[in-house]
Amino acid sequence: MQHETDPGVEERRATSEPDTSQAAPAMVDGVRSRRRMLAQAARSLWAAPLVAATGHAQQGSTQLSGRQAAEPLPEPLTKNDPTVLRALVERLGYGFDLALYQRAVQIGYDALLEEQLHPEGIPDPVGDAVVANLPLLSMTSKELLDTFGVLSPIPATQLQAATVLRAAGSSRRLFERVVGVWSDHFSIAVANAQVALFKVSDDREVVRAHALDTFPSMLRASAESAAMLDYLDNTSNTVAGAQENYARELMELHSLGVDGGYTEQDVKEVARCFTGWTTYPIISPQYGEFLFFGLAHDNQAKTVLGVEIPPFGGKSDGDTVLDLLANSSSTSRFIAEKLVSRLLTYDPPIAVTRRVAQTYRATGGDLRAMTREALSFPALQAAQPWNQRKFKRPFHFAAGLLRALDANLGDGVALVERLRGMGQAPFEWGPPNGYPDSVGAWGSNLLPRWSFAIDLMDGAIPGTQVPVFPLLTKLGFPTKDDFVDALDLHLTGGRMDPSERDVVQGYLDEQPFLSGAAIRDTVALTASSPSYQLY
Amino acid sequence: MTSHTRGTTRRQLLARSGAVGAAALTTPAWLAPTARAAASSGPAAAPHTLVLVFLRGGMDGLSLVVPHGDGDYYAARSDLAVPPPGQPSGALDLDGFFGLNPNAAPLLDAWGEGKLAIVHAAGSTDPTRSHFEAFTRMEFGIPELPLGSANQGWLARHLLATAPAFDGAPLRAISFDPVLPQTLAQAPATLPIPDFAEFQFPGAPATASAREAVLRAVYRGEAPPVGPAALSTLNAIDLYSGLDLASHQPGPGVSYPDTEFGEQLKQCAALFANDVAPEALMLSTASWDHHSAIGPLEGIFAQMSAELAAGLAAFLADTAAFADRYTIVVKSEFGRRVAQNGSLGLDHGHGNAMLLLGNGVAGGQVHGAWPGLAEAQLDQGDVAITTDFRDVLGEVLVKRLGTADLGAVFPEHVYAPIGVLS
């Protein structure tokens with residue numbers, strides 16, 4: 001195959017000026033024009049053998065492209081353009097998935113999005129197996145206590161492992177993705193063993209139960225979650241002395257946002273409203289369940305966000321606050337911003353965020369509707385994620401790579417350890433604001449990813465394996481010359497920068513033949529390349 | 001010394017990291033401080049490293065550096081106060097008014113030797129009581145400006161405004177957190193390296209050289225921060241992995257706490273011992289956010305301050321030979337409320353203690369004006385601030401790290417050092 005010299009390479013080499021903005025835009029400026037040029041250089045039909053191996057011989061404009069000769073990119077892009085479908089598929093889970101892309105081609109953008117928005121309708125053998133193999137995921141806190149004791153590290157470890165296994169293997173890809181978003185939003189650290197034990201229920205009954213339900217219902221469930229109440233010290237918030245931690249983070253992090261219009265006085269008043277919101281003690285058969293302890297409640301009148309709350313309201317004081325917060329337009333904006341920036345681009349157009357916020361207000365915070373809006377074709381058209389790329393966080397990178405390579409995952413425990421090394425083990429971010437999501441936070445910690453990729457391929461991660469023969473089968477038995485292109489089709493949908501591809505292929509060209517070692521190294525290098533770190 | 005890492009010798013490692021010539025084998029040439037660019041730097045300074053320790057969550061300065069001479073302290077904290085010196089579990093007296101939490105006893109030697117300076121009632125003029133807002137404004141060095149006014153850490157701005165102090169060094173700053181702190185956002189030649197034991201080129205040695213070449217090529221020209229970070233990573237691996245920093249043996253009698261923080265400090269000491277310490281090292285410890293059951297004498301605060309003190313003392317002892325080469329600054333985003341809350345804990349506060357350690361500090365003193373803790377003297381119930389953190393950091397930058405124009409580092413701040421360095 002003839003490869004043209006990539007005109008983008010020279011331009012790219014010139015790019016290295018320090019930028020003055022923290023987030024992606026500066027990174028993208030250098031990337032954007034290069035990507036556009038390369039996208040232009042890469043519009044052509046892909047070779048038949050690969051397509052046949054994956055079961056769908058699709059010709060025509062929805063065909064994923066290789067790296068070849070130039071036709072101008074039609075602007076604006078249509079809903080069935082490969083660039084658009086690829087960007088959608090990358091956002092419907094962690095990383096590109098060729099089978100899902102082909103389903104997008106088959107049933108169209110909207111139908112695929114809708115399908116993924118209804119996870120209950122998607123058979124999920126991997127997810128079912130995770131639940132079946134880890135009965136503790138379904139246990140109440142009391143059952144966990146009786147089975148493991150309060151100091152055991154097992155509940156946390158298994159929950160973390162399950163999270164990785166689901167992210168890497170569940171068919172309900174969008175569901176796992178938004179579960180990740182709301183887990184970060186209502187972030188709880190499992191450093192404390194009791195909080196970790198409670199977090200098993202929280203994960204199941206707060207986050208997973210409501211991720212495509214309504215935000216107000218998730219907020220209310222979180223406010224009554226033993227994990228959250230313990231983690232943010234609300235169990236010590238009593239009329240004898242109010243304790244502000246939960247009240248502050250409820251407003252700052254969970255609902256209104258730091259600029260959402262509350263004062264320090266509101267923090268104190270909200271804390272008073274939540275006095276008595278606690279959990280059953282360890283000796284109780286209802287250990288881990290929410291308990292409103294009236295004797296600890298501050299029964300005097302309160303004023304929150306300008307609203308008078310009369311005395312002797314009991315638990316309804318806190319319920320009133322939750323309603324106020326859930327119904328606040330600040331909340332609709334803050335939650336919309338969170339969802340759109342996590343799923344779409346770092347700095348999405350205001351119009352997109354506004355529409356999602358409007359959806360919140362029009363539907364009572366329906367997260368399915370908001371997610372649909374955030375990933376709708378108009379939203380992608382406006383945000384142009386193919387030009388405004390995001391940098392994959394370690395969890396995203398690892399889950400996507402494991403899935404794309406059909407890795408055998410074992411029990412996932414060793415993978416959690418590797419994620420810890422990359423800085424993003426599930427539920428281990430200490431403060432309640434959740435793992436950050438910016439290229440500034442993650443973009444300079446590359447070595448652990450390079451190590452992960454090569455160790456994964458070399459079988460050096462206990463319990464985890466990428467068998468080479470099934471991989472070759474999946475790739476359609478490419479020749480040595482075609483290997484990187486074939487691999488890239490599966491890893492990014494053919495989006496790899498041609499000059500990066502040339503360098504990696506060049507490495508493979510130096511190997512005498514397509515040996516197991518050569519394949520493993522080439523896969524690891526492709527997964528380590530800049531192209532694979534972006535989505 | 002020949003390194004057997006990946007079949008390269010130390011000479012090759014140094015050559016690759018830009019050192020001058022084979023003579024660099026015993027004394028890396030890049031150690032010699034450069035003549036700094038005249039326009040952007042002050043007078044040429046001896047090589048110096050800022051070791052920044054960020055206590056995250058709001059460390060309670062009143063429990064660490066106890067104002068035992070202030071009656072209002074005891075009135076506000078009937079259950080949480082550290083008793084005065086002489087009483088059981090009493091504070092260790094420092095200057096007749098302030099004392100150290102007894103769990104921080106390992107720092108007393110440094111105090112006595114003049115290697116520990118304290119600034120109390122220090123902090124940020126930012127009134128926020130939110131951790132996350134406080135972090136952002138403090139770490140971007142913009143306590144009084146809108147949140148969007150800056151996207152770079154103050155330390156990044158310092159590094160960007162000064163020429164590299166160590167010619168040819170692959171890194172100018174290292175953070176021990178896997179997520180780069182905002183203090184170092186957009187800092188040049190800066191990497192997170194949580195553990196030097198893991199900082200090795202991965203995969204089979206036989207193919208390492210060829211695979212490294214691939215990574216260099218594919219990341220070349222990639223926009224910041226990713227492209228430069230990849231290059232820095234590869235250059236730094238070439239240098240550091242041959243030095244086996246993780247197996248540094250502490251000096252006789254030196255014992256680091258058996259914790260992640262202790263391990264990180266030990267690796268910092270190893271950097272000095274191997275003459276490869278960069279211009280800045282940043283460590284964080286967490287969480288100091290003690291809303292309930294703070295336990296200043298026997299509980300969680302006690303344990304954490306014991307670990308902090310033991311770690312710092314061990315580091316000082318272990319790096320005695322390089323004691324002129326660094327200044328340690330210990331700080332937090334804010335202090336905690338003066339009055340205790342209903343759960344034997346403390347809510348978010350304002351003014352706090354900062355610590356400076358090293359040979360060049362004006363040690364054995366508590367600097368700054370004490371505002372007092374009477375109701376009328378407090379800031380919304382919290383310790384008022386009489387020393388701006390920027391003046392403390394600024395003094396280190398100007399007098400030790402060659403910053404000529406502090407205005408570039410801390411915009412819209414009038415620098416008024418209080419003399420924490422000797």
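Just so we're on the same page: letters track the sequence lines, and every chain starts at 1.
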ask   = Is B/His131 close to A/Glu252 at the side-chain level, that is, under 4.5 Å between some pair of heavy atoms?
value = no
Contact class of B/Thr190 relative to chain A, heavy atoms under 4.5 angstrom = backbone
request  = Kindly compute the distance separating CG (B/Asn341) from CD (A/Glu244), expressed to the nearest 0.5 Å.
outcome  = 8.0 Å
key: A/Asn445 side-chain N/O to B/Pro178 backbone N/O, donor-acceptor pair under 3.5 Å   = yes
Residue selection (most heavy-atom pairs with chain B, distance under 4.5 Å) from A/Asp259, A/Leu253, A/Asp455 = A/Leu253
query = Above 12 or not: heavy atoms from other molecules or residues under 6.0 Å from CD of B/Glu144?
reply = yes
Distance (rounded to the nearest 0.5 Å) between B/Phe135 CZ and A/Asn433 CG = 8.0 Å
key: Between A/Pro448, A/Gly421, A/Ser529, A/Ala240, the one whose heavy-atom pairs under 4.5 Å with chain B are most numerous   = A/Ser529
request  = Grab the two heavy atoms, one from B/Tyr219 and one from A/Ser528, that are nearest each other, plus how far apart they are.
outcome  = OH-O, 2.5 Å
ask   = Hey, does the side chain of A/Gln243 reach the backbone of B/His291 with a donor-acceptor pair shorter than 3.5 angstrom?
value = yes
message = Is B/Arg337 close to chain A through its backbone or its side chain, or both, or neither, when contacts mean heavy atoms under 4.5 Å?
response = side chain
inquiry  = If I measure from the heavy atoms of chain A, does B/Gln340 come under 4.5 Å with its side chain, its backbone, both, or neither?
reply    = neither
query = Would you say the side chain of B/Pro202 lies within less than 4.5 Å of the side chain of A/Leu447, judging by non-hydrogen atoms?
reply = yes
request  = Below 4.5 Å from any heavy atom of chain B, which atoms of A/Glu249 appear? Answer side chain, backbone, both or neither.
outcome  = side chain
ask   = Using a cut-off of under 4.5 Å for heavy-atom pairs, which of B/Thr233, B/Leu215, B/Leu184, B/Asp177 has the most such pairs with chain A?
value = B/Leu215
request  = Check each atom of A/Met457 against the heavy atoms of chain B and say whether the ones under 4.5 Å are side chain, backbone, both or neither.
outcome  = neither
task = Output the distance between atom OG1 (B/Thr207) and atom OH (A/Tyr507), rounded to the nearest 0.5 Å.
result = 4.5 Å
query = Contact part of B/Ala230 toward chain A, heavy-atom cut-off under 4.5 Å: side chain, backbone, both or neither?
reply = both
inquiry  = If you define the side chain from C-beta out and look only at heavy atoms, does anything of B/Val179 sit under 4.5 Å from A/Trp429?
reply    = yes
inquiry  = I need the minimum non-hydrogen distance between B/Glu222 and A/Leu534, along with the two atoms involved.
reply    = OE2-CD1, 4.4 Å
ask   = Between A/Glu500 and B/Arg220, is there a salt bridge with N-O shorter than 4.0 Å?
value = no
ask   = Got A/Asn237 and B/Ser343 here, is their nearest side-chain heavy-atom distance under 4.5 Å?
value = no
query = With chain B, which of A/Gly241, A/Ser444, A/Ala242, A/Gly443 has the greatest number of heavy-atom pairs at distances under 4.5 Å?
reply = A/Ser444
task = Check whether B/Ser130 gets within reach of chain A through its side chain, its backbone, both or neither, counting any heavy atom under 4.5 Å.
result = both
ask   = Can you check whether A/Gln533 reaches B/Val226 side chain to side chain, under 4.5 Å on heavy atoms?
value = no
message = So which residue, A/Asn245, A/Val258, A/Asp233, A/Thr235, ends up with the most heavy-atom pairs under 4.5 Å with chain B?
response = A/Asn245
task = Pick one of side chain, backbone, both or neither for A/Pro436, based on which atoms fall under 4.5 Å of a heavy atom in chain B.
result = side chain
inquiry  = In the structure I gave you, are the side-chain heavy atoms of B/Gln380 and A/Glu264 within less than 4.5 Å of one another anywhere?
reply    = yes
ask   = With a 4.5 Å heavy-atom cut-off, do A/Trp450 and B/Leu234 have their side chains touching?
value = yes
